[in-house]
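Please read the structure below before turning to the comments.
Proteins come first, then strands; the chains are lettered A, B, ... in the order of their sequence lines, and each starts at number 1.
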Amino acid sequence: MTAVNFKKIEEKWQKKWEDKKVFQAKANPKKKKFYVLEMFPYPSAYGLHMGHAFNYTIGDIFARYKRMKGFNVMYPMGYDALGLPAENAAIKAKIHPEDYTKKSIKNFIKQHKSIGLSYDWERMIVTSDPEYYKWDQWIFLQMFKKGLAYQKKSSVNWCPKCQTVLANEQVYNGKCWRHENTNVEIKPLKQWFFKITKYANELYNDIEKLKKWPEDIKAMQRHWIGKSHGVEIDFKIKEKTWPIFTTRPDTIYGVTFMVISAQHPDLMDIVTEKHKKNVEKFLKKIHSVSEKQKEELEKEGVFTGSYAENPVTGDRIPVYAGNFVVADYGCGMVMAVPAHDQRDFEFAKKYNIPIKVVIQPEMYELNAERMSRAYTGDGNLVNSKEFNATWNRDAIDEIAEYLEKRKIGRRVIQFKLRDWLISRQRYWGTPIPIIHCEKCGAVPVPEKELPIKLPKDIKFGKGNPLETSKSFANVKCPKCKGPAKRETDTMDTFVNSSWYFLRYTDPKNSKKIFDSKKANYWCPVDLYIGGREHACMHLIYFRFYTKFLRDQGLLKFSEPAIKLFNQGMLHGPDKRKMSKSWGNVILPETVSKKYGMDTARLFLISLASLDKDIEWSDKGIQGSKKLINRIIDFYSEFNPSKTSPRLESKINKTILEVSESIENFKYNISAIKIRELFEAIEDEKNLSKKHAEIFLKLLHPFCPHITEELWEKLGNKKFITIQNWPEADTKKINEKFEQQDKIFENTISDIAEISKIIKDKKKKEPKKVFIYAIPKDLEIFNEEKLSKKTGKKVKVFAVNDKKKYDPENKAKKAKPGRPAIYLE
RNA sequence: GCUAGGGUACCCAAGCGGUCAAAGGGGCAGGACUUAAGAUCCUGUGGCUUAGUGCCUUCCGGGGUUCGAAUCCUCGCCCUAGCACCA
């Protein structure tokens, strides 16, 4: 066996691809485009590991396949370079974030190239480049003009470790998304927001159009956006009208109390003098409980002293402040119907508030005194005046109608989605292009002054570093020219990644964010690959941006990606997620040296379905390694000859199977089909040059380097990667051969079986095999092949051969498709 | 609790109404090669039976639909991920 220097071959072809710019994409309206994109990485000093390689290989295989299929493929890569981890790492290493980032990116590029990915490097973008984030600022200004970027004071999530605020999407169970042990604090601060809620309805409804997105991601987004239909009912409290949102207007007659969120900004307006102390005591108490206890927290509240008037019944009902009401959903107050809502029920029981049944189930009768839990099922209304005996589901509509007619309520749609908090009090982000002037207020920076670059004269330490830069903060007001202060908040890094896919289509444009023609040619992204963890962050934000830029007249489409693919996660040999912190990281460099990158690529995709989590194992990769070595051996001794019709049938069938499995992202099946074909080739030995080339083409997307190398060895001058994908000649596919293969394999099993029996009985291993086949089947049984597979000397006779050796007269047992066998 | 997805032979994993005792890989066993080991190659790998075309029991468990189920329905149990007091 020849020793192969994989690393050398890999570097050779990586360099050639790059030198000849084979993967450079050019917009060409006459050609059908295909845009493959992987979520770009956040460059860190740790570099890439095989988990990343797996992710990128998925896209690369598809890009190479589509390119060979004749599509105009764009497959770019870039770096999401701004953000907190880089800043923190830089501070720790005592270098500037920019230097840290540059160094990391350099390493990432090197590693990306070493995996053999067919990126168009001319299109690379780096979000920390002012020429990139300039357009982030430009988008901000457009949003500002439309009232979609605005400032407001509100209770925001503050991570004490990050020293900055977080978006709702970045808070998991009350913890920071980057610090799972750090409780997020609630602080009232003036912050910048993007009004993503303006698009809530469209974002929700269009999920339906994402036919090629995974169901779970869509479900998560639906849940996150949280659309619900309901009614706002006007309750009067202390002369003020409070529109209370409910999805259950059918229970309006059963309201016995109200609960306002303890976090509500206007809570104190409702609290009466007499109850002030009590309420304050309560607030103090709920603030002092730790997050952990909050999870199991009982519903608690305190009477505010005020009463609300039920607009339908005119009842005077007490208003409580409670710990279980969300402050910024609806209007932060709920109407409570203890008989038919479990939370309200628990609360009412605890504070001895009356329970009024307004829905009676059909099978039995509820008694308010004896209920042990709320009845949340359906039934007919009772105690509801003119609506009595109405089926509650019908009553929802009827009562809504009734409220609307009397102008004391209206049908509305509520969303859980909140506006996107984009302010960050950190350095390594896009500066917000706003100047604060005492006279003119928040004034946008004129577009021609963009980009507002990050200053260098800053100090890291406590608080926002941008505030330490004199050159940055003190400016003139663009409107009145008076002294003013520049906004020192930077934008969330998710801003940068919300539109990067568009910039790839025209990455060097200095006049415009991108040329719409180009963007509309290449986009939407045909295949977008990345992790599930972005379901409710990036994947919502970039849909939002797409819709906004469409409304700005820049785009003609409404959804950024046609197909979304979530790859599984690669685990280390210890079955844990591959990551630096577990110390189970496998590096591409090591793998390339040890097995060759092609081997690793093949191994990763053949382990399981691409969307499943997989495990790296040095044992497991042996299977791929053996195959690759055999292929290389075969080609190094290859002499073209004529391909048998049997093999030709198999080749053509495999073309269909491999193509189909690639299209369906079943690369594991592709790998098996390729393996099976190669084994057939090895068995037959005779192969024409044309077919030898077809095999390499089928293998190429998976193993790009060695296929280029072997392709060249066959005497080809042009790259295999720009060849046409083989077309199957279906006329050559003959199922007869497959049946024959089956017969052949059965025969081998039979020989082994009989051999075993003889060995058991006679304690002697038979060495010779005689096969008696009916003449029609004769072509199936190749003596040489049989001998090799059985490890015995095999002789084949036709049953009607007069001179055959058949001492026990077995030949007569032969049937079509099943030869007779004699062993000795 | 809700939502999405799973539970397949020693392990990983494909299959998703008949061609299924169930692809492929790993492991293990036997054989070939070799002085031997390793590497490589071939074969086997649910059970029973027999000089081979046979039978039995399997695809988390129970029930069902069907001429026929690993595959469809239903009820459980278990796992994985995400969300979680949204009125």
Side-chain angles (χ1 to χ4, degrees), chain A residues 1 172-173 214-224 226-228 230 244-248 251 258-259 261 294-295 297-299 322-337 340-344 346-347 414-418 532-533 535-536 566 569 603 606-609 611-615 617-624 626-627 629-630 633 666 668-669 671-673 675-676 682 738-739 742 745-762 765-766 787-792 808 810 813-815 817-824:
Chain A
M1 204 192 73
Y172 298 143
N173 291 327
E215 277 313 312
D216 59 336
I217 298 286
K218 289 195 277 187
M220 279 153 87
Q221 290 209 354
R222 276 195 199 99
H223 191 90
W224 188 263
K227 184 178 184 175
S228 51
I244 305 296
F245 179 73
T246 179
T247 53
R248 297 292 304 275
T251 61
M258 309 287 286
V259 188
S261 167
K294 257 187 201 168
E295 277 165 29
L297 201 64
E298 211 181 313
K299 280 147 202 62
N323 63 350
F324 66 98
V325 178
V326 178
D328 52 358
Y329 182 76
C331 75
M333 191 177 335
V334 297
M335 58 176 232
V337 185
H340 306 292
D341 181 287
Q342 187 56 24
R343 293 157 303 185
D344 300 346
E346 287 168 28
F347 194 91
Q414 275 286 342
F415 294 94
K416 282 200 245 179
L417 186 74
R418 314 292 151 78
R532 255 175 220 91
E533 67 274 17
C536 296
N566 299 123
M569 215 178 314
F603 169 59
S606 47
L607 265 173
S609 297
D611 54 352
K612 290 225 167 117
D613 289 353
I614 53 172
E615 239 168 72
S617 102
D618 277 298
K619 268 198 176 141
I621 199 173
Q622 298 304 330
S624 303
K626 280 183 215 166
L627 179 63
N629 284 337
R630 274 158 63 187
D633 282 355
K666 294 182 173 175
N668 52 333
I669 302 297
I672 288 168
K673 296 298 172 190
R675 177 187 285 271
E676 285 175 348
E682 272 184 319
E738 256 175 78
Q739 286 164 20
K742 197 136 210 179
E745 275 165 35
N746 287 345
T747 304
I748 290 177
S749 306
D750 287 346
I751 292 169
E753 185 114 338
I754 298 167
S755 174
K756 204 181 117 211
I757 292 165
I758 293 180
K759 200 180 162 194
D760 288 349
K761 276 195 172 164
K762 303 188 176 165
E765 173 104 33
S787 300
K788 191 186 165 201
K789 297 267 178 195
T790 56
K792 300 175 194 304
E808 290 193 10
K810 296 276 183 197
K813 288 180 91 177
K815 285 181 196 165
R818 177 161 282 266
I821 301 166
Y822 174 67
L823 298 192
E824 67 174 28

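- Taking atom P on both B:A9 and B:C59, the two are 10 Å apart, rounded to the nearest angstrom.
- Put simply, CG on A:Asn629 is 9 Å from P on B:C41, counting in whole angstrom units.
- Comparing atom distances between the A:Glu215 side chain and each of B:G5, B:A51, B:A84 picks out B:G5 as nearest.
- Spacing between atom CD1 of A:Ile748 and atom P of B:G44 amounts to 8 Å, rounded to whole angstrom units.
- On the P atoms, B:G44 is 26 Å away from B:U58, given to the nearest whole Å.
- Distance from the side chain of A:Lys788 is smallest for B:C42 among the nucleotides B:U53, B:C42, B:A14.
- Formation of a donor-acceptor pair under 3.5 Å by the A:Asp613 side chain with backbone atoms of A:Met569 is found in this model.
- Looking at heavy-atom distances under 4.0 Å, A:Ser749 makes contact with sugar-phosphate atoms alone, never a base.
- Separating the CG atom of A:Leu627 from the C1' atom of B:C41 is a distance of 14 Å, rounded to the nearest angstrom.
- In this structure, the side chains of A:Ile754 and A:Lys756 stay at 4.5 Å or more apart for every pair of heavy atoms.
- Taking atom NZ on A:Lys416 and atom P on B:C83, their separation rounds to 11 Å, with Å as the unit.
- Inter-residue side-chain proximity for A:Val259 and A:Lys299 is flagged as unmet; no heavy-atom pair is nearer than 4.5 Å.
- Partner assigned to B:A37 is none, using Watson-Crick or G-U wobble distances below 3.5 angstrom.
- If A:Ala820 and A:Lys666 are placed on RNA chain B by their nearest nucleotide, the residue sitting closer to the 5' end is A:Lys666.
- Both A:Tyr822 and A:Asp216 lie near RNA chain B, and the one whose nearest nucleotide falls closer to the 5' end is A:Asp216.
- Which of B:G44, B:A87, B:C83 sits closest to the side chain of A:Phe245 comes down to B:A87.
- Across all strands shown, A:Val325 has heavy atoms under 4.0 Å from base atoms, whether or not it also approaches the sugar-phosphate.
- Across all strands shown, nothing is found opposite B:U57 as a Watson-Crick or G-U wobble partner with both distances under 3.5 Å.
- Residue A:Lys612 has a polar side-chain atom (N or O) positioned under 4.0 Å from OP1 or OP2 of B:A14.
- The partner of B:G17 is absent, by the rule that a Watson-Crick or G-U pair needs both atom distances under 3.5 Å.
- Residue A:Lys299 places a side-chain atom within donor-acceptor reach of the base of B:C85, judged by atom type and a 3.5 Å distance cut-off alone.
- Comparing B:A51, B:G5, B:A87 by their nearest atom to the side chain of A:Glu808 picks out B:A51.
- When the P atom is used for both B:C60 and B:A13, the distance is 14 Å, rounded to whole Å.
- In this structure A:Gln739 satisfies the side chain to side chain contact (heavy atoms under 4.5 Å, CB included) test with no other residue, sequence neighbours excluded.
- Comparing B:U74 with B:G25, their C1' atoms sit 36 Å apart, to the nearest whole Å.
- With contacts defined as side-chain heavy-atom distances shorter than 4.5 Å, the pair A:Val325/A:Met333 does not qualify.
- Nucleotides B:C28 and B:G38 have their P atoms positioned 11 Å apart, rounded to a whole Å.
- Counting atom types as modelled, A:Lys815 pairs a side-chain N or O with a base atom of B:U53 as donor and acceptor under 3.5 Å.
- Side-chain contact between A:Arg532 and A:Asp611 is present, with at least one heavy-atom pair separated by less than 4.5 Å.
- In this entry the distance linking CG of A:Asp613 with P of B:G7 reads 14 Å, nearest Å.
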A correct 5'-to-3' footprint of nucleotides 17-36 of chain B, with B, S and - meaning base, sugar-phosphate only and no protein heavy atom under 4.0 Å, is ---S--BSSSS---------
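- Note on ring orientation: taking the six-membered ring where Trp is involved, the planes of A:Phe245 and A:Tyr329 are perpendicular (angle over 60°, cut-offs 30° and 60°).
- Distance A:Arg630 CZ to B:C41 C1': 8 Å, rounded to the nearest Å.
- Figure legend. B:A23 is base-paired to no nucleotide; pairs are counted as Watson-Crick or G-U wobble with both atom distances under 3.5 Å.
- Base pairing analysis places B:A81 opposite B:U3; the two distances defining the Watson-Crick or G-U wobble pair are each below 3.5 Å.
- The pair A:Lys218-A:Glu215 meets the salt-bridge criterion, with a side-chain N (NZ, NE, NH1 or NH2) lying under 4.0 Å from an Asp/Glu carboxylate O.
- Between the A:Thr790 side chain and the A:Ile748 main chain, no donor and acceptor come within less than 3.5 Å of each other.
- Side-chain atoms of A:Arg418 and base atoms of B:C86 include a donor and an acceptor less than 3.5 Å apart.
- Comparing the P positions of B:U66 and B:C73 gives an interatomic distance of 15 Å, to the nearest angstrom.
- Rounded to an integer number of Å, the gap from A:Ile244 CD1 to B:C86 P is 16 Å.
- With respect to A:Asp341 and A:Arg248, no salt bridge is recorded, no charged nitrogen being found less than 4.0 Å from a carboxylate O.
- When the C1' atom is compared between B:U71 and B:G82, the two are found 28 Å apart, to the nearest whole Å.
- In this structure, the NZ atom of A:Lys813 is 9 Å from the P atom of B:A51, given to the nearest Å.
- Look at the C1' atom in both B:G6 and B:G15: the space between them is 15 Å, to the nearest Å.
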